[in-house]
Amino acid sequence: MKPLSPEKIEKVRREFEYFDEDGSGKLELEEFRKLFKVLAPESKRAEADAGFAAIDEDDSGEIDFDEFLEWWESNWFVF
Ligand SMILES: [Ca+2]
């Protein structure tokens with residue numbers, strides 16, 4: 001992955017913080033489901049849950065910003 005510009009990282013961070021509704025600094029499953037629905041309105045809940053499990057590599061039950069950034073950059077539906 002090539003280095004991201006600070007502007008790009010800041011943009012992704014704003015998305016992350018927007019969906020981090022409780023301000024925990026992590027995305028929990030419920031928060032991720034809402035985000036996934038925005039990105040892919042036709043998606044099923046099971047797809048969101050599978051995506052969450054794939055991003056949450058250490059099975060902590062939450063997605064931190066680094067995990068989110070990596071996922072975001074590797075996805076085709078980047079805004
Ligand atoms: Ca949260």
Side-chain angles (χ1 to χ4, degrees):
M1 190 169 94
K2 66 177 173 10
L4 296 169
S5 68
E7 292 78 16
K8 178 75 185 187
I9 292 173
E10 189 55 38
K11 181 169 176 285
V12 179
R13 185 176 292 280
R14 281 199 299 273
E15 300 292 343
F16 184 85
E17 290 175 350
Y18 176 80
F19 286 101
D20 178 20
E21 293 183 335
D22 63 0
S24 66
K26 306 279 175 70
L27 293 186
E28 290 78 22
L29 181 56
E30 276 303 318
E31 293 168 342
F32 183 77
R33 281 172 176 162
K34 289 179 188 171
L35 175 152
F36 203 85
K37 201 71 181 168
V38 170
L39 294 175
E42 304 297 318
S43 64
K44 305 274 193 299
R45 171 169 284 202
E47 295 176 86
D49 290 7
F52 185 89
I55 300 164
D56 179 23
E57 290 180 341
D58 59 1
D59 290 328
S60 62
E62 51 197 18
I63 295 171
D64 65 28
F65 182 68
D66 286 343
E67 289 172 330
F68 181 77
L69 183 61
E70 191 175 322
W71 171 74
W72 187 274
E73 283 305 305
S74 65
N75 255 290
W76 57 268
F77 46 67
V78 172
F79 293 124

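Both ligands and their constituent atoms are indexed starting at 1 by order of listing. Excluded from the calculations below are hydrogen atoms, water molecules and symmetry mates; all remaining heavy atoms, backbone and side chain alike, are included.
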| task | Give a yes or no on whether the backbone of G61 and the side-chain of D56 come within a donor-acceptor separation of less than 3.5 Å. | result |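 Answer holds: yes.
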| task | Check whether any side-chain N or O of E17 sits under 3.5 Å from a backbone N or O of R14 as a donor-acceptor pair, and report yes or no. | result |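 Looks like no, no N/O pair under 3.5 Å.
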| task | Using 3.0 Å as the cut-off, note every protein N, O or S atom close to the Ca ion (ligand 1). | result |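 Listed by chain and number, the atoms are D20 OD1, D22 OD1, S24 OG, K26 O, E28 OE1, E31 OE1, E31 OE2.
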Which pairs of donor and acceptor atoms, one on a side chain in residues 37-46, lie under 3.5 Å apart (sequence neighbours left out)?
residue, atom, partner, partner atom, Å
K37, NZ, P41, O, 3.3
K37, NZ, S43, O, 3.1
S43, OG, A40, O, 2.6

| message | Among residues at least two apart in sequence or on other chains, which ones pass side chain to side chain contact (heavy atoms under 4.5 Å, CB included) with E31? | response |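 Side chain to side chain contact (heavy atoms under 4.5 Å, CB included) list for E31, sorted by chain: D20, E21, D22, L27, E28.
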| said: Using every non-hydrogen atom in the two residues, find where K8 and E73 come nearest and quote the distance to one decimal. | reply: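 Closest pair (atom of K8, atom of E73, distance): CE-OE2, 2.9 Å.
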| Under the ring-ring contact (aromatic ring centres under 6.0 Å, His included) test, which residues partner F32, sequence neighbours left out? |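 ring-ring contact (aromatic ring centres under 6.0 Å, His included) check on F32 returns F36, F52, W71.
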